[in-house]
Amino acid sequence: MTGREVSRRGEYILRLSRGEDVVSSILDFCMRKGIRSAWLSAIGAVEAAKIGSYDLSKKTYVSKSYLEAHEIVSLTGNIALVEGAPFLHAHAVLSNEENECAAGHLFSARVAVTLEVRLIAFDEAIARTLDNDIGLRLLDL
Ligand code: ZN
């Protein structure tokens, strides 16, 4: 385990509108504000969501897409730098009309109604670097 102290730079509340791309909208905001590390949570509703999980033995993600609108029961994630640019790592729990849930690593989604995001930004730049054993870019602390 590794860890480091970070300083809270500030908090932001974001409201994404219907039709906006979740990942690129959050990353655009971070780029405009010069945010190099952050933690975030969100609720709302999305469509065309692609979520999945990581298969360590194959070092690849498996994913599934949900075209119809789903509630975002919970979305949590962080921002760190990959090759100098903000990168979002987020997981989401989605629920359908029957209140059945699907959850996983978030690849992409489009806002179906609204998305309300709380983003806590830190002063420090935190990067992700490739871990060859895992096959993923991990937080470099
Ligand atoms: Zn993940």
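Counting starts at 1 for both ligands and their atoms, in listed order. The structure displayed is predicted, hence computed values, not measured ones. Side chains included, hydrogens not; waters and symmetry mates left out as well; all remaining heavy atoms used.
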**Q** Any donor and acceptor pair, going by atom type alone, linking the side chain of Ser74 with main-chain N or O of Ala92 inside 3.5 Å?
**A**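 Flag not set: sc Ser74 to bb Ala92 has no pair under 3.5 Å.
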**Q** What's the verdict on ring-ring contact (aromatic ring centres under 6.0 Å, His included) for His105 and Phe107, showing C-alpha distance, side-chain angles and the deciding distance?
**A** CA-CA 6 Å; His105 176 99; Phe107 293 98; 4.8 Å; yes
**Q** Taking the side chain as every heavy atom from C-beta outward, state whether Tyr61 and Leu136 have any atom pair closer than 4.5 Å.
**A**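 In contact.
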**Q** So, at under 2.8 Å, which protein N, O or S atoms would a careful student list around the Zn ion (ligand 1)?
**A**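 Metal shell, protein only: His89 NE2, His91 NE2, His105 ND1.
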**Q** Would you compute the distance between atom CD1 of Ile72 and atom CD1 of Ile43 and round it to the nearest 0.5 angstrom?
**A**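 Answer rounded to 0.5 Å: 10.0 Å.
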**Q** Does some side-chain heavy atom of Leu75 sit less than 4.5 Å from a side-chain heavy atom of Val46?
**A**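 With C-beta onward as the side chain, the pair stays apart.
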**Q** Name all pairs fulfilling the salt bridge (charged side-chain N to carboxylate O under 4.0 Å, His left out) condition that reach into residues 96-124, sequence neighbours left out, sorted by first residue then second.
**A**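 Residue pairs with at least one partner in residues 96-124: Glu11-Arg118, Glu47-Arg110.
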